[in-house]
Each structure stands twice: as structure tokens, then as C-alpha cells.
Amino acid sequence: MSDATATIPRLTRWGVSPDADLVYRALTMLGGRRDTELSRELGLARARVVAALDELAALRAAQPVGSPAVRGRARASRRWDPCPLPQVLGRLRRPALPSTDRDRWRRHFAAIDGLRMPTLEPSRTRIWGSRPLARRRIVHLAAAERHEHLAINNEEVLTAEVTAAALPTDRALVERGVQMRIVGRPPGDGDRSTAHLAQLGNASGIYRELPDLPLKLMVFDRRVALFPADPLNFEAGVVEVDDAPAVQALCGLFDRLWAQGRDPHRQGVPPITLTPREQALVALLSAGHTDVSAANELKLSVRTVAYTMRELMDRLGVENRFQLALLLGAAGAAPIPTTRTAAPTAKNPPDQASPAAKEDA
């Protein structure tokens with residue numbers, strides 16, 4: 001188990017199902033197992049474990065060892081071993097196929113043509129003919145925003161220069177309470193975690209991803225829109241439109257893309273952070289304390305201990321304490337469990353807490 005002590009990222013960030021992620025984590029950290037053993041130790045129905053193993057096999061993340069032993073009419077059970085983590089991550093991070101310049105050009109102008117742009121009054125459009133001019137105009141419009149900022153970013157690679165230029169404006173909008181929504185393309189390695197979102201303080205609900213976006217766009221308070229003058233050359237600047245019907249149509253396009261997008265913060269890897277109470281409880285329970293003895297150590301009620309652990313499991317998307325221990329063990333927040341019994345359970349029901357302890361709850 002050479003990978004058992006390595007940090008195991010959540011495979012859901014590359015589209016792996018939560019069950020398959022959990023089963024791979026168990027195989028890597030605990031060693032090879034039969035599906036029946038995994039079902040018992042993880043507290044998952046065997047059908048879910050078998051489906052997860054099939055998914056891992058298709059991803060070449062796990063492989064069966066030897067021939068299964070046939071037991072009557074029941075589906076044969078066999079031992080499964082994990083494939084090495086670096087190889088699994090290398091396959092999951094395979095680069096996406098880049099779109100061609102011709103495709104980008106076609107999608108951009110198909111989207112614009114659908115707005116009947118030739119019918120616009122010349123006074124309702126303006127061209128800012130270089131990237132520096134476009135950036136200054138964006139800063140000016142963003143400073144005047146009070147309600148909502150919409151953005152589509154279809155660039156395949158965000159350079160450090162682009163990110164550095166956008167972050168101050170985006171941070172200012174978030175701090176002012178302007179509702180921000182951004183649709184971008186998934187990174188080329190398929191990783192659904194978002195560095196830009198993390199630098200904005202992981203504000204939830206502001207970012208979604210789609211692999212196919214027709215154009216680059218910004219809309220300020222649903223009254224002014226900017227898009228590139230040339231989709232293949234951002235140095236050519238942007239076109240500004242403040243014609244109400246055209247801006248409304250662009251907002252409709254954004255709303256449709258937003259509805260189709262995926263939130264990488266929800267489906268990827270939100271950082272695992274524990275409150276001081278959670279940290280203390282996890283440390284005590286990992287050391288072998290029961291809920292009762294942990295409650296006594298921390299001067300809490302047994303009910304508070306049970307509720308705190310339940311909230312932690314719900315937040316991290318696991319179904320029992322053994323699964324929780326596996327996840328926290330991979331993150332270095334708790335020792336790695338070795339058996340199903342390593343996960344302590346509440347010994348007393350909530351109504352048996354002492355009167356003094358109940359006051360704490």
C-alpha cells in the first residue's frame with residue numbers, strides 16, 4: 001500500500017461518482033478487499049459497491065485479482081486491488097481536445113447574428129479598439145455596478161496576466177455585495193476545483209462550468225454588454241452594446257448557459273475545514289473515546305456530540321462514521337481506520353444525557 005499515506009484528492013473533481021471515490025479511497029488506504037468486505041466495512045449496499053468497482057475498473061483505477069469463488073447462484077465475489085494513485089490521476093487529468101479557431105469563430109458570430117446586430121442603431125454600439133482600452137472600460141463599468149454582474153469566459157487557458165487583471169475587479173464586486181455569476185470552461189486537465197473561485201474567498205454559487213461556450217461576454221447590471229470585436233484576437237478590443245433588446249437577448253443566452261452549467265465547488269472538492277469543536281471531537285473519537293466519554297472530556301451533552309458529528313457527516317457527504325474517518329484520514333485530520341469497528345457510535349440516546357449536560361445542548 002505505497003499510496004496509503006499519500007494525500008488522496010477527491011476523485012469527484014474529475015467526474016468520478018461519490019461511491020467510486022469512497023471505494024477507491026478504502027482500497028488504497030486499507031488494502032485489497034472483496035466487494036462483500038467493502039459493503040460491510042463501508043456500510044454500503046453490495047449493489048452500490050459492485051457498481052462503484054465496475055466504474056473504477058472502467059477508469060483503470062481498480063482491478064480484480066484472481067478468479068472469483070462461485071457460491072451457489074449468488075454473484076461471485078473477488079478481491080479487488082487499487083491501481084497506483086499517480087497513474088489514476090494521470091488518466092483522469094488527460095487534456096481535453098482544444099477547439100479549433102474556425103469553431104470559435106463560427107460559434108461567436110452565430111451567437112451574435114442571432115441578436116440581429118445589424119439592426120442596431122450606431123449610437124447604441126461602441127468599439128474599444130485595444131485590450132488596454134477594453135480593460136479600462138471594464139473597470140469603469142464595474143465600478144458603477146450596483147446589482148448584478150454576468151460573465152462568460154470561453155478561453156481555454158487563463159493566463160496569469162488575465163487572472164491578475166480580473167481578480168481586483170471581481171473582489172471589489174463581491175465585497176460590495178454585487179451578485180456575480182460567471183460561466184467558464186473546465187480546465188484542460190478536467191480538474192473541477194477552481195483557483196479563481198478560491199481566490200474570491202470560495203463565495204458559493206457564483207461560478208459554473210460548461211465545455212462548450214459560444215462567446216466571451218460581460219453584462220453590467222443587465223443594461224450594458226461587452227464582447228470581443230474579434231474572437232480570435234482579444235487585442236482587437238471589445239464591442240460595447242447598450243441597446244435594451246440586444247442586452248436582454250444576451251442575458252437570455254447567459255441564463256440558458258448558466259442553467260446548463262455545473263458548479264465545481266459542489267461537485268468538486270470543497271476544502272475540508274473543521275471547527276474547533278469538530279477538531280476536538282474527531283481527535284477524541286479517533287483515540288478510542290465513546291460519545292459519552294468524549295462529551296465528558298469536552299463538557300458537552302451526548303446529544304451535542306451526536307448532532308455535531310451528524311452535521312459534519314452531512315457537510316462532507318458521507319453516510320457513517322467509518323466513511324468519515326476514511327475521508328478525514330486521507331486529509332490528515334484523523335488516523336486512518338483499520339476495521340469497521342474503529343468508528344465509535346453513540347452509546348446513550350440523547351434523552352439519557354444528564355440535566356446539566358442538556359443545558360449545553
Side-chain angles (χ1 to χ4, degrees), residues 103-155 158-159 161-185 196-197 200 203 205-210 212-261:
D103 288 338
R104 290 172 56 197
W105 184 277
R106 176 183 55 78
R107 286 195 299 270
H108 174 92
F109 283 101
I112 299 302
D113 186 59
L115 302 176
R116 303 183 182 276
M117 299 299 286
T119 65
L120 287 173
E121 293 290 334
S123 61
R124 313 308 296 179
T125 63
R126 187 172 183 180
I127 296 180
W128 302 88
S130 70
R131 187 183 284 243
L133 286 175
R135 285 177 175 168
R136 284 198 289 271
R137 184 57 176 166
I138 290 169
V139 170
H140 176 78
L141 290 171
E145 277 187 294
R146 293 295 178 267
H147 306 292
E148 186 179 38
H149 181 86
L150 309 178
I152 300 172
N153 193 338
N154 65 349
E155 294 184 67
L158 290 180
T159 65
E161 179 188 7
V162 170
T163 301
L167 271 175
T169 301
D170 290 349
R171 283 201 193 102
L173 290 170
V174 170
E175 290 169 0
R176 286 209 315 271
V178 174
Q179 181 183 2
M180 176 182 289
R181 290 191 292 159
I182 305 169
V183 181
R185 295 185 62 176
H196 186 83
L197 183 63
L200 290 178
I206 70 172
Y207 185 78
R208 293 186 182 181
E209 291 179 342
L210 270 178
D212 188 20
L213 296 171
L215 80 166
K216 188 177 175 72
L217 174 72
M218 286 187 182
V219 183
F220 304 82
D221 279 338
R222 293 188 177 253
R223 62 179 185 83
V224 179
L226 298 181
F227 54 82
D230 183 343
L232 304 184
N233 179 20
F234 294 149
E235 298 299 330
V238 297
V239 176
E240 177 180 328
V241 178
D242 65 0
D243 177 76
V247 174
Q248 184 178 4
L250 285 166
C251 289
L253 171 64
F254 175 90
D255 290 336
R256 291 191 296 274
L257 295 173
W258 177 263
Q260 299 168 21

*Sequence neighbours excluded, which residues qualify as side-chain contact (heavy atoms from CB on, under 4.5 Å) partners of A225?*
L217, V219, V247, L250

_Set of side-chain contact (heavy atoms from CB on, under 4.5 Å) partners for L253, sequence neighbours left out_ =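 L253 satisfies side-chain contact (heavy atoms from CB on, under 4.5 Å) with A111, P214, L215, R256, L257 once adjacent residues are dropped.
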
Residues two or more places apart in sequence or in another chain: which of them pass side-chain hydrogen bond (donor to acceptor under 3.5 Å, both in side chains) with [X]?
X	answer
R222	E148, D255
H149	E145
D242	R124

Shortest non-hydrogen contact from [X] to [Y]?
X	Y	value
A259	R208	CA-NH1, 4.0 Å
A142	R176	O-NH2, 2.8 Å
Q260	L210	O-CD2, 3.5 Å
A236	A229	O-CB, 3.9 Å
Y207	W258	N-CH2, 3.9 Å
P228	K216	CD-O, 3.1 Å

*Measure the shortest side-chain to side-chain distance between L226 and L141 over non-hydrogen atoms and say whether it is less than 4.5 angstrom.*
yes

*Heavy-atom check, side chain of V241 versus side chain of F227, under 4.5 Å*: yes

*From L150 CG over to I182 CD1, what is the distance, rounded to the nearest 0.5 angstrom?*
10.0 Å

*Which pairs, with at least one residue in residues 224-235 and sequence neighbours excluded, count as a salt bridge (charged side-chain N to carboxylate O under 4.0 Å, His left out)?*
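Pairs touching residues 224-235 that pass the test: R131-E235.
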
